[in-house]
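Since the structure comes first, as structure tokens, the remarks are kept for the end.
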Amino acid sequence: MIASSTSRAHPARRNSKLLPSLGILLVTGGILLLLWFAWLWFNPGPAPYRYQLVEEGSIDKFSQLGLEAWPDLTIAQYEVYAEEVDQPLAVTHIARQGNSAPVRLDWENRTSELLLTTDSKLSELTALAGAINKYAAKDALILAWWDTSRQINLLAGRDTLFTQRVGEPLIVPAHWRNRIDAIQKYEQAFWDATASADEQRRFQRFADALLAEPQAGAAILRELAAEAAKSAKSDKADKAGGDATTAREAYIAIHVTDLYKLGIMRPEQFDMAYKNFPMEGNMHGMIGYLKNWMLENEFKTYTLQSLSDKLVRGYFLRDVKSLNTLIAQMLPFTESQPLDLTAVQLIYQQGGYWVYKIPPASSESPSPAGG
């Protein structure tokens, strides 16, 4: 019997027939993999925590907060819960005016490390709003961290450089960092106030100002204020049918916790750290321990924030470059003199807040501080 030459395919020919199919599978698999990664990007899974509403209503329902001066606000109290943790990690109050996006008013962290944002007291914030109403003209522009800006805009009714949620820095524990995309998505959805690209650009420039030497930083602040004023004057001139040329007052409001936020955002430019210290009735003993800890860790200077009657937080700078920044010179570090600063002029200080007037480029004489 003569075997047919076609009864068995030649190995090379057989493989050549399989190659197109294999190529199709590889391409299909690659597309599916890309689709999977795309799905993960836009659907990163749930955040490892949630905001849980405790109570909501008018200011009458929250009389303990001292918000009588803002009767048109709707207040809500939230607790922050993590997966498989029974006790809240943090407590916060937020406010709305009509249908506007919610604004965080305070933050009480109940964990041993900073979470999502930094601790803040509502009593200090309402005092700040009162001071701005006292010292700043009605048409003044206030420059501050984006979250402080939104609070000032709500409670003091002043124009602020930032009106939306820039969201930087996002402070998360190390064990949550692999879920950062889910956290960012959840935060954006909850606060419903994502900043535009232009506002995000201005915020980075604002950070540049705080990290520059005082005179250079003040010049950047004037640049930002002029940019905002130009737009406002253009709108005002259009409405008035003429040219609006009146100079606009500008102020900068900072909080001691802005130190930490800057350190997270720009660690290569700002070498800082923090540590909590218990208050046990002996202030001198605590200060002695704090100074020893600072020297042992080779930090150059420190300033303090009161968290409660039993706890203070120390913020530490390691080098001269960090100390010579505008923000460090505006705060009461052991090596700084805010009252003598001329690049910006101190007008108010209460708790963790410090407010400075941004003088015109030709003005260098300080004005008296208020309290």
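As the structure is a prediction and not an experimental result, all values here were calculated from the model. The residues of the chain are indexed from 1 along the displayed sequence.
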Atom of Ala90, atom of Asn109 and distance for their closest heavy-atom approach: CB-CA, 4.2 Å

Glu55 and Phe62, any side-chain heavy atoms less than 4.5 Å apart: yes

Atom pair CD1/CD1 of Ile183 and Ile171 - distance to nearest 0.5 Å: 12.0 Å

Cationic tip of Arg150 above Trp146 ring, under 6.0 Å, 45° of axis: no

N-O pairing of Glu199 and Arg165 below 4.0 Å: no

Sole candidate of Asp271, Thr301, Thr334 that passes side-chain contact (heavy atoms from CB on, under 4.5 Å) when paired with Leu323: Thr301

Shortest non-hydrogen contact between Leu317 and Ala328, atoms and distance: CD1-CB, 3.8 Å

Cluster link Val320 to Leu326, ILVMFWY, side chain under 4.5 Å: no

Trace of the ring-ring contact (aromatic ring centres under 6.0 Å, His included) decision for Phe203 with Trp145: CA-CA 8 Å; Phe203 180 70; Trp145 207 268; 5.0 Å; yes

Residue Asp72 excluded, over 12 heavy atoms near CG under 6.0 Å: yes

Same cluster (ILVMFWY, side-chain, under 4.5 Å), Met265 and Leu259: yes

Heavy-atom neighbours of Glu84 CD exceed 12 at 6.0 Å: no

Heavy-atom check, side chain of Arg110 versus side chain of Val91, under 4.5 Å: yes

Heavy-atom closest pair, residues Pro338 and Leu346: O-CB, 4.5 Å

Backbone of His93 reached by a side-chain donor or acceptor of Arg104 within 3.5 Å: no

Salt-bridge criterion met for Arg266 and Glu168 (N-O under 4.0 Å): no

Ion pair Glu298/Arg318, N-O distance below 4.0 Å: no

Parallel, tilted or perpendicular: ring planes of Trp293 versus Phe299, cut at 30 and 60 degrees: parallel

Note: Lys61-Glu56 ion pair, threshold 4.0 Å (strictly below): no

Backbone N/O of Ile254 and side chain of Asp258: donor-acceptor pair under 3.5 Å: no

CD (Glu213) with more than 12 external heavy atoms under 6.0 Å: no

Residue that, paired with Arg313, satisfies side chain to side chain donor-acceptor pair (under 3.5 Å) out of Thr257, Asn276, Thr303: Asn276

Value rounded to 0.5 Å, distance of CE in Met330 from OH in Tyr356: 6.5 Å

4.5 Å side-chain heavy-atom contact, Lys291 and Ile287: yes

Under 3.5 Å: donor-acceptor pair, side chain of Asn324, backbone of Lys321: no

Centroid-centroid distance, Tyr348 to Tyr251, less than 6.0 Å: no

Over all atoms of both residues, closest heavy-atom pair of Pro359 and Gln345: CB-NE2, 3.4 Å

Transitive ILVMFWY side-chain link Leu331 to Leu339, under 4.5 Å: yes

Chi angles and distances behind the salt bridge (Lys or Arg N to Asp or Glu O under 4.0 Å) call for Arg201, Glu227: CA-CA 12 Å; Arg201 175 192 60 79; Glu227 183 181 339; 2.6 Å; yes

Full working for side chain to side chain donor-acceptor pair (under 3.5 Å) between Asp198 and Ser196: CA-CA 5 Å; Asp198 185 59; Ser196 65; 5.2 Å; no

Close side-chain approach of Leu262 to Ile327, heavy-atom, < 4.5 Å: yes

For Leu210 against Thr325, the heavy-atom pair lying closest together: O-CB, 3.5 Å

Minimal non-hydrogen separation, Lys300 against Asp319, with atom names: CD-C, 4.3 Å

Donor-acceptor under 3.5 Å (Asp119 side chain, Glu108 main chain): no

Separation between CG of Leu143 and CD1 of Ile358, rounded to the nearest 0.5 Å: 4.5 Å

Single-linkage hydrophobic cluster, 4.5 Å side-chain cutoff, Trp107 and Leu89 together: yes

Check against side-chain contact (heavy atoms from CB on, under 4.5 Å), Leu311 and Phe277: CA-CA 6 Å; Leu311 197 66; Phe277 296 88; 6.0 Å; no

More than 12 heavy atoms from other groups under 6.0 Å of CD on Gln64: yes

Mutual orientation of the aromatic rings belonging to Trp176 and Tyr49 [parallel < 30°, tilted 30-60°, perpendicular > 60°]: parallel

Criterion side chain to side chain donor-acceptor pair (under 3.5 Å) on Tyr51 and Glu187, from CA distance to verdict: CA-CA 10 Å; Tyr51 292 100; Glu187 288 288 304; 2.7 Å; yes

Non-hydrogen side-chain atoms of Val312 and Gln305 separated by less than 4.5 Å: no

Gap separating the CG atom of Leu154 from the OG atom of Ser100, nearest 0.5 angstrom: 7.0 Å

Nearest-0.5 Å distance that lies between atom OG1 in Thr126 and atom CG in Leu65: 9.5 Å

Shared hydrophobic cluster, Val344 / Ile220 (ILVMFWY, side-chain heavy atoms < 4.5 Å): yes

Test item: Thr194 side-chain N/O and Gln188 main-chain N/O as donor-acceptor pair under 3.5 Å: no

Check: Leu141 and Arg158 side chains under 4.5 Å, non-hydrogen atoms: no

Donor-acceptor side-chain pairing of Tyr78 and Gln52 below 3.5 angstrom: no

4.5 Å side-chain heavy-atom contact, Leu125 and Asp106: no

Intermediate values then yes/no, ring-ring contact (aromatic ring centres under 6.0 Å, His included), Tyr302 and Phe333: CA-CA 5 Å; Tyr302 73 90; Phe333 282 94; 8.2 Å; no

Donor-acceptor contact below 3.5 Å, side chain Lys261 vs main chain Thr117: no

Expected output: side-chain Ser149 to main-chain Ala144 donor-acceptor under 3.5 Å: yes

Value rounded to 0.5 Å, distance of CZ in Phe270 from OG in Ser322: 5.5 Å

Pair Asp192 + Arg96, salt bridge at N-O below 4.0 Å: no

Geometric class of the Phe190/Tyr186 ring pair [parallel <30°, tilted 30-60°, perpendicular >60°]: tilted

N/O donor-acceptor pair under 3.5 Å between Thr160 side chain and Ile142 backbone: no

Under 3.5 Å donor-acceptor, Glu79 side chain and Val54 backbone: no

Sub-4.5 Å side-chain heavy-atom contact between Gln77 and Ile94: no

